[in-house]
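The figures here come from the full heavy-atom set of this structure, side chains too, leaving out hydrogens, waters and symmetry mates.
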Amino acid sequence: MSKATKKDAVNWFELYVNDFDRAKRFYEGALQTSLQTFDMENSRMGMFPHEQAGVGGSITRMDGIAPGLGGTLVYLNVEGDLDAVLKRIPAAGGSVLKPRTSIGQHGFIAVFKDTEGNSVGLHSMV
């Protein structure tokens, strides 16, 4: 039996939502991507595109769990598209909490509030 090695600090994330359809429209509009929808017992998930061996995540409506500001902050990779995503966020129903900010040699970040009240980060090297 081989022992798996830990390659990344994160392997999955879930952004909790109250209104799944509204949140799905928001993320698909702001990020200009499609989320694959899965229905399971007591939950509904919209999975962000990712490579099979890479880090993945979803928006998730789950009984008993609510979204909100002040919790864990996840940064979505918007490589090369940070400014365009920030411009699309208000039209999609969210708001920019922290505009494009340099983090030196590590690139640029921004933080927004989605339609469900979650604060979410964005990261790009350019």
Side-chain angles (χ1 to χ4, degrees):
M1 178 190 284
S2 69
K3 184 176 180 181
T5 59
K6 185 167 71 170
K7 185 173 93 176
D8 299 309
V10 174
N11 64 359
W12 185 261
F13 64 88
E14 293 177 356
L15 300 173
Y16 292 106
V17 304
N18 288 320
D19 186 326
F20 182 86
D21 293 330
R22 176 179 64 196
K24 187 171 187 277
R25 282 190 307 272
F26 170 78
Y27 281 99
E28 288 180 336
L31 300 177
Q32 291 190 330
T33 192
S34 294
L35 277 61
Q36 187 175 4
T37 302
F38 296 93
D39 290 304
M40 294 177 280
E41 186 177 341
N42 300 321
S43 69
R44 186 168 201 199
M45 303 174 91
M47 189 166 43
F48 291 97
H50 68 286
E51 295 198 18
Q52 186 66 27
V55 175
S58 68
I59 59 168
T60 303
R61 191 213 42 83
M62 185 178 295
D63 293 347
I65 306 230
L69 291 173
T72 301
L73 188 60
V74 173
Y75 285 82
L76 302 177
N77 181 358
V78 294
E79 189 59 48
D81 204 27
L82 180 59
D83 294 328
V85 171
L86 288 171
K87 287 179 185 172
R88 291 191 296 262
I89 285 171
S95 60
V96 176
L97 300 175
K98 179 180 199 154
R100 177 187 183 96
T101 303
S102 173
I103 54 171
Q105 67 181 9
H106 303 291
F108 299 88
I109 61 167
V111 178
F112 67 92
K113 183 169 80 172
D114 71 8
T115 55
E116 305 307 296
N118 294 304
S119 55
V120 180
L122 301 171
H123 176 265
S124 177
M125 288 303 295
V126 296

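In this structure, CG in D81 is found 10.5 Å from NZ in K87, a value given to the nearest 0.5 Å. Put simply, CE on M125 and NE2 on H106 are 8.0 Å apart, with the number rounded to the nearest 0.5 Å. Between I109 atom CD1 and L73 atom CG the span is 8.0 Å, to the nearest 0.5 Å. Annotation: the span from E14 atom CD to M47 atom CE amounts to 11.5 Å, rounded to 0.5 Å. The structure places NE2 of H123 at 7.5 Å from CG of N77, a figure rounded to the nearest 0.5 Å. From D39, atom CG reaches atom CZ of R61 across 8.5 Å, with rounding to the nearest 0.5 Å.
Across D21 and R44, no two heavy atoms sit closer than the pair OD1-NH1, 3.6 Å. Between V126 and R100 the shortest heavy-atom distance is C-NH2, 3.2 Å. Between G94 and T115, the shortest heavy-atom contact is N-CG2, 4.4 Å. The shortest heavy-atom contact between T37 and K24 is OG1-CE, 3.1 Å. Across all non-hydrogen atoms, the minimal contact from L82 to A110 is CD1-CB, 4.0 Å.
One N or O on the side chain of D114 and one on the backbone of N118 form a donor-acceptor pair closer than 3.5 Å. Of the possible donor and acceptor atoms, one in the side chain of S124 sits under 3.5 Å from a partner among the backbone N and O of G80. Proximity of a side-chain donor or acceptor of E116 to a complementary backbone N or O of N18 within less than 3.5 Å is detected. Between the side chain of H50 and the backbone N or O of F48 there is at least one donor-acceptor pair closer than 3.5 Å.
When side chains are defined from C-beta on, I89 counts as touching F26, because their heavy atoms get closer than 4.5 Å. You'll find the side chain of F112 stays beyond 4.5 Å of the side chain of L97, heavy atoms only. Side chains of T60 and M40 form no contact here, defined as non-hydrogen atoms less than 4.5 Å apart. Using a 4.5 Å heavy-atom cutoff, the side chains of Y27 and L15 are in contact. By the 4.5 Å heavy-atom criterion applied to side chains, S58 and W12 are counted as neighbours.
F20 and Y16 are members of different hydrophobic clusters when ILVMFWY side chains are connected at heavy-atom separations under 4.5 Å. Under a hydrophobic clustering in which Ile, Leu, Val, Met, Phe, Trp and Tyr are joined whenever their side-chain heavy atoms come within less than 4.5 Å, directly or via other members, V111 and V96 fall into different clusters. No path of Ile, Leu, Val, Met, Phe, Trp and Tyr side chains, each step under 4.5 Å between heavy atoms, connects V55 with L122, placing them in separate hydrophobic clusters. Taken together through direct or relayed side-chain contacts under 4.5 Å among Ile, Leu, Val, Met, Phe, Trp and Tyr, V17 and V74 form part of one hydrophobic cluster. Using a 4.5 Å cut-off between side-chain heavy atoms of Ile, Leu, Val, Met, Phe, Trp and Tyr, with links allowed through other members, I59 and M45 fall into different hydrophobic clusters.
For D19 and R25, the salt-bridge test fails: no basic side-chain N is under 4.0 Å from an acidic carboxylate O.
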